[in-house]
Structure formats: C-alpha cells, structure tokens
Amino acid sequence: MPFSLHELEHPIVQAPMGGGASTPALAAAVSEAGGLGFLAAGYKTVDQVERELAEVRSAMSAGVPYGLNLFAPPGHGTGKAEVSSYADSLRTDAQAQGVDLGDTRWDDDGYGEKLDLICEQRVPVVSLTFGCPAPFEVSRLQSSGSAVWVTVTTVGEASAASADALVVQGVEAGGHRGGFDDAHPGDVGLLALLQLVQAAVDDGLPIIAAGGLMTGRGIAAVLACGAMAAQLGTLHALSRSGNGARSTGHDEPRRSTHCAHPSVHGPDSPWHRQPVPSRPRRRA
Ligand SMILES: Cc1cc2nc3c(=O)[nH]c(=O)nc-3n(C[C@H](O)[C@H](O)[C@H](O)COP(=O)(O)O)c2cc1C
C-alpha cells in the first residue's frame, strides 16, 4: 500500500532542506515522533543519498514512513550566456568577499541516477522540486511503491502537475522557490494560494501546505484551509538534529499532543506551548 497522509499521527512534514539541514537524524526523529521526516537529495551524489537512506532506515523502527526530495530538471538548461552575465553582475561583490564564482555550467543534479536509486530502494514518499516530472516518471515511481508529491507555487503549476499530492509553497517559504514555471513565478501568500489551488484541482487531491508556518496556530490555519498536512522547514532547521542546530537539552524521544517533535525541539519551541492537531496513527 502506498503511503497515505492519514498514516501520520501528527499532520506535520519536516520540509526537505538541501545544503545540510535535512540530516538523517532529524528525519528519523520527526518520523518516529509521528510526523513525516524528509531527506534532501539535492546537491548530493547518488552514493551520498544511498548512505543517507540506509542511515535513516537504521535509525527508525520498521515500517515508519519517511520521504526523499529530489530536484527535477526544469525541462531546459538556462543559456550559458545568461548565467555568465548573471555571474558577471556578482563579480565585484564576490571579489570583495574573496569568493570564487566558479564555472558556469548546467547539470541535472544526477536526476536519472537518483530516480533509479529511489525505485530500487522503494522510498515511501518522493517529493519533486523545480521541475514537473513526466507522467512516465511518476508512474515508474508509483509502481515501485512511492507516493509522488510535486511542489507548486502557482495555480498553473498545480493544474499541470500529475501527482499523488501537491506541496503548495507560499511566497513566505524559506529557501528557494520550488516551482517550475519560470515564465510565471509565483508570489502569492500561502493562505490565498491554498484556496486558489483547491478551486482549480480535483477535490480530494491531498495538499501539503508550506511557507512561514512556525506555530500550532499557523498549522491549524492551513488545516482549516483544506491542507492535509503542514510542511515546516525553517523551524526544523533550528532544531538540535538539523544542522542549523542549537542545543535543546532534550535527549529522550517523548510524545505529547503539545509537541509534535519533542525529540528535536526544546522547551522554548512553540510546540511546547500550543497544542497541535493529532490523529490515531496507522502504520503500514
Ligand atoms: C535552508 C533551506 C533549504 C531548502 N531546500 C529545499 C530543497 O532542497 N528541496 C525542497 O523541495 N525545498 C527546500 N526548501 C523549502 C522547504 O522544503 C519548505 O518549502 C520551506 O522551508 C517552507 O517554509 P518555512 O521555511 O517558512 O517553513 C528549503 C528551505 C530551507 C529553509
């Protein structure tokens, strides 16, 4: 049975964060606490991703779901001249900071090899960002047992994506924008975008809301607005297990309806002060 958001005890997804914050320890702690932890494959080699998959599985009980995020190619490479001219515009600042701009080049971040790995390893949830996967790629992932989520930032992208669920990313979101239509970049706030997307897509298509969610109140707002789960990035990056970490002083995993991820958040976290919605957990 493919993963369903109904399996989660808490409707909370730890956002994938390329560049270091999405550690296997963080993903495992979030999934074990009843949310959905995510690894980020972006910028990593296939071998690194394979190692992280092994690490996250060995840190969790059997059958606990987790996700892996993949950069999907946006369909075309930006022209070398365009990138070079952008790099030129940064050169003075870079030199002042002693930073090497590197070579301008386009690559697909090992997309094909990473897809092969995911299919081989039967990853429960795969979310794609920056590109809209082709229908045959979605079917291939689904046949190997993955639920496929696509990140969208506009109504147009939501209508174009074929997936098991949409990650609707409002303009408030941390990190870079995850949409794939460069001609019409999304700049709509999360609550407005959720309503617009739901009016445009099939009833019943699960939606995960992302962008600026930091509190139980924020999570409740997006659930009331029709999302099935809230995806939080910046807040998790600040946790002990995320690499942006500061120590929280909590060592033992605990569960409570006031704290979605007690093993990764400290006593100052808003989770400790505001109840978050929870529901009975069903494991595969
Ligand atoms: C440091 C950082 C890195 C991110 N990297 C990725 C990524 O690799 N893939 C992705 O789909 N989203 C990435 N995101 C976006 C998050 O998945 C999520 O949409 C966003 O963090 C939600 O907004 P919030 O940070 O306000 O909670 C990143 C966000 C941050 C803060």
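Remember, it's 1-based here, ligands and their atoms both numbered in the order they're listed.
The distance from ligand 1 to the heavy atoms of F71 drops below 4.0 Å at these ligand atoms: 7 (C), 8 (O), 9 (N). Applying the 4.0 Å criterion to heavy atoms of Q231 picks out, from ligand 1, the atoms 17 (O), 18 (C), 19 (O). With ligand atoms numbered from 1 in the order given, ligand 1 contributes 16 (C), 17 (O), 18 (C) to contacts under 4.0 Å with heavy atoms of A15. Within the listing of ligand 1, atoms 19 (O) sit less than 4.0 angstrom from a heavy atom of A210. Close contacts between ligand 1 and L232 involve ligand atoms 27 (O) [criterion: under 4.0 Å to a heavy atom].
Using a 4.5 Å heavy-atom threshold, the side chains of N69 and L128 count as separate. Residues E50 and L53 form no side-chain contact, since every pair of their non-hydrogen atoms from C-beta on lies 4.5 Å or further apart. Looking at heavy atoms from C-beta onward, C225 lies in side-chain contact with Q195 at the 4.5 angstrom threshold. Taking the side chain as every heavy atom from C-beta outward, L213 and L235 never approach each other to under 4.5 Å. The closest side-chain heavy-atom distance from L26 to Q14 is below 4.5 Å. Side-chain contact between V168 and I208 is absent, with no heavy-atom pair separated by less than 4.5 Å.
For atom 11 (O) of ligand 1, the nearest non-hydrogen atom of the protein is T129 OG1, 2.6 Å. The nearest heavy-atom contact from the protein to atom 9 (N) of ligand 1 is N69 OD1, 2.8 Å. Considering only non-hydrogen protein atoms, atom 5 (N) of ligand 1 sits nearest to G18 N, 2.9 Å. For atom 26 (O) of ligand 1, the nearest non-hydrogen atom of the protein is G212 N, 2.8 Å. For atom 19 (O) of ligand 1, the nearest non-hydrogen atom of the protein is Q169 NE2, 3.1 Å.
Among G233, A173, G174, G175, the residue whose heavy atom lies closest to atom 15 (C) of ligand 1 is G174.
Under the 3.5 Å distance criterion, the side-chain polar atoms of S146 are matched with a main-chain donor or acceptor of V123.
The closest approach between any non-hydrogen atom of A21 and ligand 1 is not below 4.0 Å. Using a non-hydrogen distance threshold of 4.0 Å, P16 registers as a contact of ligand 1. Every heavy atom of G42 sits 4.0 Å or more from the atoms of ligand 1. Residue-ligand proximity: F38 is placed with every non-hydrogen atom at 4.0 Å or more from ligand 1.
The backbone and the side chain of M17 each have at least one atom closer than 4.0 Å to an atom of ligand 1 (non-hydrogen atoms only). Contact annotation: for T234 versus ligand 1, heavy atoms closer than 4.0 Å belong to both the backbone and the side chain.
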I'd like to know whether R177 forms a salt bridge (Lys or Arg N to Asp or Glu O under 4.0 Å) with D187, so could you lay out the CA-CA distance, the side-chain angles of the two residues, the decisive distance to 0.1 Å, and finally the verdict. CA-CA 9 Å; R177 310 288 290 134; D187 58 359; over 6 Å; no

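Ring planes of H176 and F71: perpendicular class, angle over 60° (limits at 30 and 60°).
F130 and F180 have their aromatic ring centers separated by at least 6.0 angstrom.
Side-chain atoms of E137 and Y111 form a donor-acceptor pair, as typed in the model, at a separation below 3.5 Å.
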